[in-house]
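Not measured: the values here are computed from a predicted model.
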Amino acid sequence: MNLILLGPPGAGKGTQADRLREDFGVPHIATGNMLRAEIAEGTELGEQAKRYMDAGELVPDEVIVEMITRRIEDADAADGFLLDGFPRNEQQASSLDEAFERLERRLTAALLIMVADEEVVRRLSGRRVCVKNPSHVYHVELDPPKHEGVCDQDGSRLVQREDDREATIRRRLEIYHAQTEPLLAHYDRAGLLRRFDGQRSPEEVHAHIRATVATLRLEETL
Ligand code: AMP
């Protein structure tokens with residue numbers, strides 16, 4: 001069960017990945033989270049990545065490809081994984097194809113969550129995250145905390161991610177359309193692309209993806 005999640009920023013890939021991890025027991029490997037952890041730890045890699053991320057630009061391929069190809073060889077990913085945020089351009093997609101070949105594995109499916117640009121802007125510009133634990137996520141309109149600016153779960157301050165400012169969101173969307181969207185044809189040609197309507201509720205999106213992945217898993221065992 002080697003899966004990748006595709007879709008624009010703010011499509012809900014992280015939310016769905018958390019649920020699928022619980023359903024199918026595959027690790028969720030999210031490049032954005034890995035990079036943010038490097039920044040929080042103050043590593044050299046984090047320092048290099050931060051200025052690209054704050055500007056909404058892609059971090060250079062060498063850094064990301066090395067990080068991911070090492071991660072998918074970890075013991076917990078031996079039976080499969082769910083990649084989120086990678087690949088994001090042609091170069092990364094071919095590096096992933098090569099890694100699969102080297103490891104004698106293959107991609108089970110590419111799951112695409114589709115959301116319109118204006119919805120992405122609405123979702124991301126209202127997103128607020130906990131300063132202590134960035135997986136505690138809120139939205140000023142859609143999912144507000146009980147007390148404005150304060151995390152319900154641990155009382156910490158809520159902040160806006162630097163790259164969730166409107167101009168940066170628009171830049172991230174531009175990059176998605178120019179560099180990541182062309183990959184859809186690559187996976188579609190290989191018969192691996194599955195599309196989901198990301199404008200539906202998180203529960204509905206989850207039900208659809210779970211049903212598809214369960215069928216794929218069944219097919220793998222046949
Ligand atoms: P995300 O959390 O997936 O929205 O990623 C946040 C930021 O991390 C992106 O805007 C990029 O700057 C960087 N990033 C994450 N994944 C990649 C990738 N595969 N290639 C290049 N940059 C990435």
Side-chain angles (χ1 to χ4, degrees), residues 5-24 27-42 46 49-59 82-86 88 111-177 180 195-211 213:
L5 272 170
L6 294 169
K13 300 189 293 293
T15 304
Q16 297 302 329
D18 273 345
R19 298 177 183 209
L20 296 169
R21 182 171 47 111
E22 283 175 24
D23 296 334
F24 298 102
H28 171 207
I29 303 179
T31 41
N33 292 350
M34 290 169 79
L35 292 169
R36 281 185 289 274
E38 296 277 346
I39 294 175
E41 283 169 30
K50 188 172 187 316
R51 56 199 169 98
Y52 295 99
M53 293 172 75
D54 286 351
E57 303 291 333
L58 294 186
V59 171
L82 188 55
L83 275 185
D84 162 6
F86 183 93
R88 260 175 153 100
L111 312 169
L112 167 65
I113 307 181
M114 301 176 300
V115 174
D117 286 8
E118 286 318 307
E119 175 67 10
V120 166
V121 174
R122 185 169 87 106
R123 289 182 185 183
L124 295 187
S125 57
R127 179 161 73 176
R128 298 293 181 271
V129 297
C130 172
V131 277
K132 275 241 187 78
N133 185 341
S135 71
H136 300 162
V137 182
Y138 302 84
H139 189 281
V140 290
E141 277 167 50
L142 309 170
D143 182 20
K146 289 197 189 75
H147 304 284
E148 197 185 320
V150 180
C151 179
D152 290 348
Q153 295 178 69
D154 62 18
S156 302
R157 204 161 45 88
L158 298 180
V159 292
Q160 184 173 43
R161 256 169 62 174
E162 193 64 39
D163 58 349
D164 280 346
R165 294 174 200 281
E166 183 165 343
T168 317
I169 298 168
R170 301 237 176 240
R171 178 68 190 139
R172 289 161 70 197
L173 276 168
E174 246 174 54
I175 294 180
Y176 175 76
H177 292 305
T180 311
R195 294 180 172 82
F196 303 90
D197 178 0
Q199 312 243 142
R200 291 175 180 267
S201 72
E203 292 70 32
E204 282 176 288
V205 178
H206 173 227
H208 290 157
I209 301 183
R210 187 182 47 195
V213 174

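- For the pairing with His206, the side chain to side chain contact (heavy atoms under 4.5 Å, CB included) check across Glu203, His208, Arg210 returns one residue only, Arg210.
- Salt-bridge annotation for Lys132 and Asp154: absent, with no side-chain N of the basic residue lying under 4.0 Å from a carboxylate O of the acidic one.
- Here the shortest heavy-atom pairing between His147 and Asp152 reads N-OD1, 4.4 Å.
- The closest donor-acceptor contact from the side chain of Asp54 to the backbone of Glu162 lies at 3.5 Å or more, if one exists at all.
- In summary, of the residues considered (Arg36, Arg128, Met53), a side chain to side chain contact (heavy atoms under 4.5 Å, CB included) with Arg161 occurs for Arg36 alone.
- Between the CG atom in Leu20 and the CG atom in Leu82 there is a gap of 6.0 Å [rounded to 0.5 Å].
- Here the shortest heavy-atom pairing between Gly85 and Lys13 reads N-CE, 4.5 Å.
- Between the CD1 atom of Ile29 and the CG atom of Leu5 there is a distance of 11.5 Å, given to the nearest 0.5 Å.
- In this structure, CG on Asp117 lies 3.5 Å from NE2 on His177, to the nearest 0.5 angstrom.
- A 4.5 Å side-chain heavy-atom check between Val213 and Asp23 finds every atom pair outside the cut-off.
- The closest side-chain heavy-atom distance from Gln16 to Leu111 is not below 4.5 Å.
- Put simply, the side chain of Gln199 never gets that close to the backbone of Met114: no donor and acceptor are under 3.5 Å apart.
- Under the side chain to side chain donor-acceptor pair (under 3.5 Å) criterion, Arg19 pairs with no residue at all, not counting sequence neighbours.
- To the nearest 0.5 Å, atom CZ of residue Arg195 and atom CG of residue Leu6 are 11.0 Å apart.
- Checked by atom type and distance alone, the side chain of His139 pairs as donor or acceptor with a backbone atom of Arg123 at under 3.5 Å.
- Taking every heavy atom of both residues into account, Gly149 and Pro145 meet most closely at N-CG, 4.1 Å.
- Scanning both residues, Gln160 and Ser125, for their nearest heavy atoms gives NE2-O, 3.1 Å.
- Counting only heavy atoms from C-beta outward, the side chains of Val120 and Arg172 never approach each other to under 4.5 Å.
- Counting heavy atoms from C-beta on, the side chains of Val205 and Thr15 never come closer than 4.5 Å.
- His136 contributes no side-chain N or O that, together with a main-chain N or O of Leu158, makes up a donor-acceptor pair within less than 3.5 Å.
- Taking CD1 of Ile113 as the reference point, atom CD1 of Ile209 lies at 4.0 Å (rounded to 0.5 Å).
- Considering every non-hydrogen atom in both Arg88 and Thr31, the closest pair reads NH1-OG1, 4.1 Å.
- The existence of a salt bridge linking Arg127 and Asp163 is excluded, since no basic side-chain nitrogen approaches an acidic carboxylate oxygen closer than 4.0 Å.
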### Task
Begin from the C-alpha positions of Val129 and Val159 and carry the test side-chain contact (heavy atoms from CB on, under 4.5 Å) through to its verdict.
CA-CA 5 Å; Val129 297; Val159 292; 4.1 Å; yes

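- The pair Arg170-Glu166 meets the salt-bridge criterion, with a side-chain N (NZ, NE, NH1 or NH2) lying under 4.0 Å from an Asp/Glu carboxylate O.
- Taking both residues in full, the closest heavy atoms of Leu173 and Pro9 are given as CD2-CD, 4.4 Å, listed atom of the first, atom of the second, then distance.
- Between Leu112 atom CG and Thr180 atom OG1 the span is 11.0 Å, to the nearest 0.5 Å.
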